[in-house]
Amino acid sequence: MNFSVCVDAVYMGKDLFTSLDAIQKCGLNTFEFWGWEDKPMDKLADYVKASGMTVAAFCTKFISLTDPSKRDDYIEGLKETVEWADKLGCKTLISQVGADTGARREFQADSLTEGLIKSEETLKDTGITLVIEPLNTRVDHKGYFLSSSDETADILKAVNSPSVKMLFDIYHQQISEGDIIRHIQEYIQIIGHFHAAGNPGRHELYHSELDYNKVFEAINALGYDKYMGLEYFPENDPKIGLKKLSAL
């Protein structure tokens with residue numbers, strides 16, 4: 001399994017570059033982060049080049065796709081994000097889809113689909129994959145539009161682009177729908193990135209009702225060769241959990 005450490009979660013509130021040094025000391029060489037607008041991006045690009053670390057993924061600007069009036073702003077934000085991804089050598093961009101606006105669900109799903117189709121114009125020929133993320137609305141993200149991997153798959157089928165896939169967050173989907181391995185097996189061809197955290201609590205993977213060893217075995221058996229993002233909030237010193245994973 002190829003692990004990517006979400007530095008904004010695992011090292012929340014810590015200095016970015018000190019945290020990246022700590023990740024390497026744990027035997028891991030790949031990281032990801034949330035938004036880029038609050039990061040010293042030029043300095044980060046220099047750090048990545050000097051250190052040889054890999055940036056697995058980071059987020060686009062947080063602009064709604066469920067509201068068609070904001071679509072042009074989303075596309076402009078995506079263009080900016082693609083430019084930074086190119087500078088960092090990053091091939092995966094994460095997108096939330098926005099809140100439920102209260103409009104008819106079909107209208108919002110159509111808006112989301114049309115926005116993703118338009119995004120293809122920006123993504124084509126870049127080698128970058130945009131992954132949209134369903135989130136659980138029961139515990140962490142009440143009011144968010146998209147929570148089901150099934151509905152996400154339906155939207156991606158309508159978009160019909162190899163440049164747009166699903167971020168399957170195991171923590172969120174365990175809360176939203178369960179039946180994790182079967183869903184992964186069904187949708188592996190449209191999954192472009194994974195996130196993982198223990199449930200309940202969103203802590204280390206070994207503090208979980210899920211047997212992550214079994215989940216990882218199932219994913220490996222499917223030939224998945226991209227990244228498993230570690231997006232959790234440690235209960236213990238981060239190096240303890242990271243060293244356990246780097247040994248897998």
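Quick note: residue numbers are just sequence positions, from 1. As the structure is a computational prediction, the values presented were derived from the model and not from experiment.
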Over 60° means perpendicular and under 30° means parallel, so tell me whether Phe216 and Tyr212 are parallel, tilted or perpendicular.
tilted

Close side-chain approach of Thr152 to Tyr187, heavy-atom, < 4.5 Å:
no

Tell me, yes or no, whether the heavy-atom count around Lys39 atom NZ, taken from other residues, nucleotides or ligands under 6.0 Å, exceeds 12.
yes

Contact check, side chains of Val55 and Thr92, non-hydrogen atoms, under 4.5 Å
no

Donor-acceptor side-chain pairing of Tyr171 and Asp140 below 3.5 angstrom:
yes

Is Lys87 close enough and on-axis enough to Trp84, meaning under 6.0 Å and within 45°, for cation-pi?
yes

Residues, nucleotides or ligands: over 12 heavy atoms within 6.0 Å of Glu209 CD
yes

For the pair Glu76 and Lys61, find out whether any cationic side-chain nitrogen is under 4.0 Å from an anionic carboxylate oxygen.
no

Flag the pair Asp179 and Arg182 as a salt bridge only when some basic side-chain nitrogen lies within less than 4.0 angstrom of an acidic carboxylate oxygen.
yes

State whether the number of non-hydrogen atoms from other residues, nucleotides or ligands found under 6.0 Å of Phe107 atom CZ is greater than 12.
no

Could you walk me through whether Tyr227 and Phe3 pass the ring pair (Phe, Tyr, Trp, His ring centres under 6.0 Å) check?
CA-CA 6 Å; Tyr227 290 101; Phe3 293 113; 9.7 Å; no

Positive for side-chain hydrogen bond (donor to acceptor under 3.5 Å, both in side chains) with His193, one of Lys91, Glu133, Glu32
Glu32

Is it true that Tyr47 and Phe17 have ring centroids separated by less than 6.0 Å?
yes

For Lys239, what residues pass the side-chain contact (heavy atoms from CB on, under 4.5 Å) criterion, not counting sequence neighbours?
Cys26, Asp237

How about His172 and His141: are their ring centres within less than 6.0 Å of each other?
yes

